[in-house]
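Before any comments, here is the structure.
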Amino acid sequence: WRSESASEVLYPATKPLAEPDFTLEGKLSFINKQNEIIRTVDIEIADNDPDRARGLMYRSALSDQQGMLFIFDQETDQSFWMKNTKISLDILYVSADKEIVTIYRYTQPYSESPIPSFKPAQYVVEVRGGFCDQYGIKEGDLIRFEQN
């Protein structure tokens, strides 16, 4: 038997929050103008407000075989930031017809500066920083995805 002190009762020891695990929810392919697949990645899908708000925050790694797809109800101007995001990302804004309209490469971790789409987008794809340079993905390319 052990007696707890008043401070242990009022202020229990807190564990650090666990890093979120990658959850496979679909596949996404990047397609060039010749309709050829450039690269296919496993994706997590953020299609509701809580998931979109969390995004890839608190992750310390993302492989070049993984990404996150944000799905919005309608095509509109979008803006993201890197608050609480530990790793550099490439952020791709994608129109309703699935064309990549704006790419930000090597975003700054933890930055609260806005990262605007400048053009209407219904989808946003996040992959690790450098992904677009590594695989030659550019504005005007397309995405195609399937959910599990």
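The basis for the numbers below is simple: all heavy atoms, side chains too, and nothing from hydrogens, waters or symmetry mates. Since this is a predicted model, take the numbers as computed values, not measurements.
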Notebook entry, point to check: What do the steps show when you test Asp133 against Arg105 for side-chain contact (heavy atoms from CB on, under 4.5 Å), and what is the final call?
Noted result: CA-CA 8 Å; Asp133 285 346; Arg105 292 170 167 79; 2.8 Å; yes
Next item on the list: Apply side-chain contact (heavy atoms from CB on, under 4.5 Å) to the pair Leu92 and Thr102, showing each step before the final yes or no.
Entry: CA-CA 6 Å; Leu92 299 84; Thr102 308; over 6 Å; no
Item checked: Pair Asp64-Val127, side-chain contact (heavy atoms from CB on, under 4.5 Å): steps then yes or no -> CA-CA 7 Å; Asp64 71 342; Val127 289; over 6 Å; no
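Note that CG of Asn32 is 4.5 Å distant from CD of Gln34, once rounded to the nearest 0.5 Å. Going from atom CD of Gln66 over to atom OG1 of Thr23 covers 10.0 Å, rounded to the nearest 0.5 Å. Separation of atoms OG (Ser29) and NZ (Lys98) is listed at 12.5 Å; rounding is to 0.5 Å. Within the model, atoms CZ of Arg39 and CD1 of Ile31 stand 13.0 Å from one another, a figure rounded to the nearest 0.5 Å. Atom CD of Glu126 is separated from atom CD1 of Ile91 by 4.5 Å, given to the nearest 0.5 angstrom.
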Name the atoms and distances for all side-chain donor-acceptor pairs under 3.5 Å in residues 112-125, with sequence neighbours left out.
| residue | atom | partner | partner atom | Å |
| --- | --- | --- | --- | --- |
| Ser113 | OG | Ser111 | OG | 3.4 |
| Ser117 | OG | Gln78 | N | 2.9 |
| Ser117 | OG | Gln78 | O | 3.3 |
| Ser117 | OG | Lys119 | O | 2.7 |
| Gln122 | NE2 | Phe72 | O | 3.1 |

Under 3.5 Å, sequence neighbours excluded: what are the donor-acceptor pairs made by side chains of residues 82-89?
| residue | atom | partner | partner atom | Å |
| --- | --- | --- | --- | --- |
| Asn84 | ND2 | Tyr58 | OH | 3.4 |
| Thr85 | OG1 | Met82 | O | 3.3 |
| Thr85 | OG1 | Lys83 | O | 3.3 |
| Ser88 | OG | Thr107 | N | 3.3 |
| Ser88 | OG | Thr107 | O | 2.8 |

Scan the side chains in residues 141-148 for donor-acceptor partners under 3.5 Å anywhere in the protein, sequence neighbours excluded, and list what turns up.
| residue | atom | partner | partner atom | Å |
| --- | --- | --- | --- | --- |
| Asp141 | OD2 | Lys138 | N | 2.9 |
| Asn148 | ND2 | Leu24 | O | 3.3 |

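Glu25 places a side-chain N or O within donor-acceptor distance of the main-chain N or O of Ile45, the cut-off being under 3.5 Å. Under a 3.5 Å cut-off, the side chain of Asp90 and the backbone N or O of Tyr106 do form a donor-acceptor pair. Judged by distance alone, with hydrogens and angles left aside, the side-chain atoms of Ser63 form a donor-acceptor pair with the main-chain N or O of Gln65 at under 3.5 Å. For the pair Lys27 (side chain) and Val41 (backbone), a donor-acceptor distance under 3.5 Å is absent. With hydrogens and angles ignored, the 3.5 Å screen pairs no side-chain donor or acceptor of Glu19 with any backbone N or O of Arg59.
Annotation: ring pair (Phe, Tyr, Trp, His ring centres under 6.0 Å) contacts of Tyr135 (sequence neighbours excluded): Phe131. Listed by chain and number, the residues in a ring pair (Phe, Tyr, Trp, His ring centres under 6.0 Å) with Phe70 are Phe80 (sequence neighbours excluded).
Residues Tyr93 and Met68 share a single hydrophobic cluster, defined by chaining ILVMFWY side chains whose heavy atoms lie under 4.5 Å apart.
Applying the side chain to side chain contact (heavy atoms under 4.5 Å, CB included) test between Thr40 and each of Asp42, Ile43, Ile37, Ile38 identifies Ile37 as the sole match.
Evaluation of the salt bridge (Lys or Arg N to Asp or Glu O under 4.0 Å) test over residues 48-58, restricted to residues two or more places apart or in two chains, returns Asp49-Arg52, Asp51-Arg54.
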